[in-house]
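Quick caveat, the model's predicted, so the values are computed rather than measured. What you see below is based on every heavy atom in this structure, not just the backbone, and it leaves out hydrogens, waters and symmetry mates. Throughout, protein chains are lettered first and strands after them, A, B, ... in sequence-line order, and every chain is numbered starting at 1.
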Protein chains: 2
Amino acid sequence: MNITASDLRHCSIAATLSLIGEKWTILILRDVLQGVTRFDDFLRRLECSPAVLSARLKTLTEAGLLRKVGYREPGERERFEYRPTRATVELLPVLIGLMQWGDCHMAPDGEGPVQVRSRASGKLVRAALVDEGGALVSPRDMQMIPMRRPEQESEDA
Amino acid sequence: MNITASDLRHCSIAATLSLIGEKWTILILRDVLQGVTRFDDFLRRLECSPAVLSARLKTLTEAGLLRKVGYREPGERERFEYRPTRATVELLPVLIGLMQWGDCHMAPDGEGPVQVRSRASGKLVRAALVDEGGALVSPRDMQMIPMRRPEQESEDA
DNA sequence: CAGTATCCTGAACGATACTG
DNA sequence: CAGTATCGTTCAGGATACTG
């Protein structure tokens, strides 16, 4: 993406997307949430170049979206695996939302190749909007309210 | 993004992101959801080149994420404005999710420049995961279940 | 005002070879 | 196995000029 610094400061949507919107990144996150941890496994599943994969893993690690954990196979040198973090898990509503929107609006038959369910209840799960009390809110009922912050006001003088 | 056809077929996350992950696209959607409709207004707010804006509006319109509506100022030729569609509104959980993740994890002070509230209740709103009954589900409780479809099975023979 | 056309540049990516 | 290094290409996007 490479959005300007000004955009990033003013819009968290753009900021987040500039991080996870790069090619392959979201697929890495998808895989790591499904239990993939090792370089070579990512490489085979994603079929991207090792250089790109390496770069993405680094960016994601620096951003706190992956955690690098050392391990050592008997007789081998230390290697690293990549694990999801709290921040990765907190991104799940976005991932699920992207997936389900795509299933509805881009898949020819309106359904995708992956189901999401609760482990506990087995029920299907979807991304939605809720209020502070946990009650569902319709997307049509949203309002976005820009909060003018004091620091930058001089700009529009 | 430009993910391969195979990726798109297999992953709605990648498919959706290849559409809305292009530079400027998400900002157009953000603005149109806030009531911006005209070419020049987008141009001024986004500060991108008219060629890129034109391309994005076209892509979004073709994807059903914008609706082109004709209007005519007195004495002028017909022009068009761009309105959100049902599909745009259905993308709101994703947008809000992206925004709130960015606010939490990328903003220096952990809060962003925009609040989201319900018009009806005035309560703060966030993106979350819910089950079929509308009950909140923890991201940690998710499982993603690949559905092997018959058509393509030959591939891994 | 609402775009289209053109030119140009950077950098992102793919392919491939190499290293510990 | 887990990466790093290098090279070449492509292409998206910025700047700008032009049109109805």
Interatomic distance, L66(A) CG vs dG3(D) P [rounded to whole Å]: 12 Å
Beyond-backbone contact of Q100(B) with I96(B), side-chain heavy atoms, under 4.5 angstrom: yes
Heavy-atom donor-acceptor pair, W101(A) side chain to A87(B) backbone, under 3.5 Å: yes
Exam field: side chain R56(B) to backbone K23(B), donor-acceptor pair closer than 3.5 Å: yes
Base-contact (B) and sugar-phosphate-only (S) positions in nucleotides 15-20 of chain D, heavy-atom cut-off under 4.0 Å, - elsewhere: BB---B
Spacing of I28(B) atom CD1 relative to dG13(D) atom P, expressed in whole Å: 11 Å
dG14(D) phosphate, OP1 or OP2, under 4.0 Å from W24(B) side-chain N/O: yes
Separation of dA2(C) C1' from L46(B) CG (nearest whole Å): 15 Å
R38(B) to Y71(B) six-membered ring, cation-pi geometry met (6.0 Å, 45°): yes
Name every donor-acceptor pair, under 3.5 Å, that has one atom in a side chain of residues 57-64 of chain B and the other anywhere in the protein, sequence neighbours excluded.
unit_1 : atom_1 : unit_2 : atom_2 : d
T59(B) : OG1    : A55(B) : O      : 3.0
T61(B) : OG1    : L57(B) : O      : 2.6

Residue met sooner reading DNA chain C from 5', once C48(A) and Y82(B) are mapped to nucleotides: Y82(B)
Distance, rounded to the nearest Å, where E22(B) contributes CD and dC11(D) contributes P: 13 Å
All pairs passing side chain to side chain donor-acceptor pair (under 3.5 Å) where residues 118-135 of chain B contributes a residue, at least two apart: D141(A)-S118(B), S118(B)-S121(B)
Positions of residues 52-65 of chain B (non-hydrogen atom under 4.0 Å from DNA chain D), listed by number: V52(B), R56(B)
Sugar-phosphate only, base, or nothing, as touched by F42(B) at under 4.0 Å among non-hydrogen atoms: nothing
Of all pairs that satisfy side chain to side chain donor-acceptor pair (under 3.5 Å), the ones with a partner from residues 81-91 of chain B, not counting sequence neighbours: H105(A)-E90(B), T37(B)-E81(B), E81(B)-R83(B), T85(B)-T88(B)
Non-hydrogen atoms of A128(A) and V130(B) that approach each other most closely: CB-CG2, 3.9 Å
Atom-pair distance (NZ on K23(A); P on dC11(D)), nearest Å: 10 Å
Exam field: side chain S54(A) to backbone P50(A), donor-acceptor pair closer than 3.5 Å: no
Sugar-phosphate only, base, or nothing, as touched by Y71(B) at under 4.0 Å among non-hydrogen atoms: sugar-phosphate
Atom pair distance, as rounded to whole Å: CG in D40(B) and P in dC1(C): 4 Å
Steps toward side-chain contact (heavy atoms from CB on, under 4.5 Å) verdict (L98(B), S12(A)): CA-CA 7 Å; L98(B) 284 169; S12(A) 291; over 6 Å; no
Spacing of L43(A) atom CG relative to dC1(D) atom C1', expressed in whole Å: 11 Å
Stems involving DNA chain D, each a run of at least 3 consecutive Watson-Crick or G-U pairs under 3.5 Å: C:1-20 with D:1-20
side-chain contact (heavy atoms from CB on, under 4.5 Å) assessment of L19(B) paired with T25(B): CA-CA 8 Å; L19(B) 175 60; T25(B) 302; 5.9 Å; no
